[in-house]
Amino acid sequence: MTESAHGVARHTALPFYDWLDREDNTPLRACLGRGDGGHQPRGPALAGYGPAGVPLGDTTGGGGGGGHFARDLAEVYPAFSVIVQDLPRVIRQTVEDQKNSPGSGSITYQAHNFFAEQPVKNADVYFMRHIFHNHPDAECVKILEALLPALKQGARVLVSEYIVPPPAELTGGLGSKPMRQMDLLTMALFNAKERTKDEYSRLFQQASPALVFQDIHQVPDDPRSCIFEAVYQGANDI
Ligand SMILES: C[S@@+](CC[C@H](N)C(=O)[O-])C[C@H]1O[C@@H](n2cnc3c(N)ncnc32)[C@H](O)[C@@H]1O
């Protein structure tokens, strides 16, 4: 994560998110927060998937950002109990912001570094949105491994990202431009990339053979939010 164009250009040995934490990056953090908030379907679009499509239940999200997606989800599905996790600085800011515009659903916020063992045990679903494309393969596997001790049998691990088609199917023109741009951006900032279905399947497998790749769901009107689903078939004694 330190071998990136970001590191060379900014003369820093810090990975992007550690660098972003520096005091002098306050304006950039605010800008990124607004950007992340813009990359999401709003409530009505979310109603197009959910229990019928993706089996979301008690949901924990790693790298939840400002919790915009989770807030919409909790609003559309009030029966869900949602916990948003992100780095301490992000959670502090999010909790502060929520005081002015509290959502209506059941949602709580928790500081958690997703490389550390997952503290929320036994959730039905662990949902990571736009996290993996910011990490090289080895780190993605570590993030999944940190979840394993918390997983009950049948727990679902959902990873939401673009799905990159195989090269032969990747069309030219403007249609695939946002995906290509994001692929280059993640390479420049994180030494990471957007991935194909097979690449996601392999990440699950590498983390644990018990994490079985199950399905892909496409969020309506949001190409960035294809959801890769794996089901934990191990037998943790939680
Ligand atoms: C691209 S944003 C996605 C935010 C949100 N999931 C969404 O879909 O809008 C990536 C998020 O990962 C968080 N993050 C980065 N490193 C993290 C870590 N080690 N543990 C927890 N969160 C982390 C960042 O603070 C940021 O909010």
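Just so you know, ligand 1 is whichever comes first in the structure, and atom 1 is the first atom listed for that ligand. As the structure is a prediction and not an experimental result, all values here were calculated from the model. Atoms considered below: every heavy atom in the structure, side chains included; atoms not considered: hydrogens, waters and symmetry mates.
Ligand 1 lies nowhere less than 4.0 angstrom from a heavy atom belonging to Arg89.
With a 4.0 Å cut-off on non-hydrogen atoms, Asn113 touches ligand 1 through its backbone as well as its side chain. Within the 4.0 Å heavy-atom criterion, neither part of Met128 lies near ligand 1.
Looking only at side-chain heavy atoms (C-beta outward), His130 and Ser160 come within less than 4.5 Å of each other.
The residue from Ile131, Val90, Asp18, Leu20 that puts a heavy atom closest to atom 12 (O) of ligand 1 is Ile131. Comparing Arg129, Met1, Arg29 against atom 3 (C) of ligand 1, the shortest heavy-atom distance belongs to Arg129. Here atom 23 (C) of ligand 1 lies nearest to Phe114 when heavy atoms of Phe16, Phe115, Phe114 are compared.
Cluster annotation: Val157 and Phe115 are assigned to the same hydrophobic cluster (Ile/Leu/Val/Met/Phe/Trp/Tyr, side-chain heavy-atom contacts under 4.5 Å, transitive).
Heavy-atom contacts of Asn134 reach the following atoms of ligand 1: 1 (C), 10 (C) (cutoff under 4.0 Å). Every atom of ligand 1 is numbered from 1 in the order shown, and the set under 4.0 Å from a heavy atom of His112 is 20 (N), 21 (C).
A donor-acceptor pair is defined here as one N or O able to donate and one able to accept, closer than 3.5 Å; no such pair exists between the side chain of Asn191 and the backbone of Ser4. In terms of modelled atom types and a separation under 3.5 Å, the side chain of His6 and the main chain of Thr12 share no donor-acceptor contact.
Checked against a 3.5 angstrom limit, the closest N/O atoms of Asp86 and ligand 1 fall inside it.
Taking the six-membered ring where tryptophan is involved, the planes of Phe213 and Phe228 are tilted, since the angle between them lies from 30° to 60°. Between Phe80 and Tyr77, the ring planes are parallel. Angles under 30° get that label, and only those over 60° would be called perpendicular.
Electrostatic pairing of Asp137 and Arg202 does not count as a salt bridge here, judged by no charged N lying under 4.0 Å from a carboxylate O.
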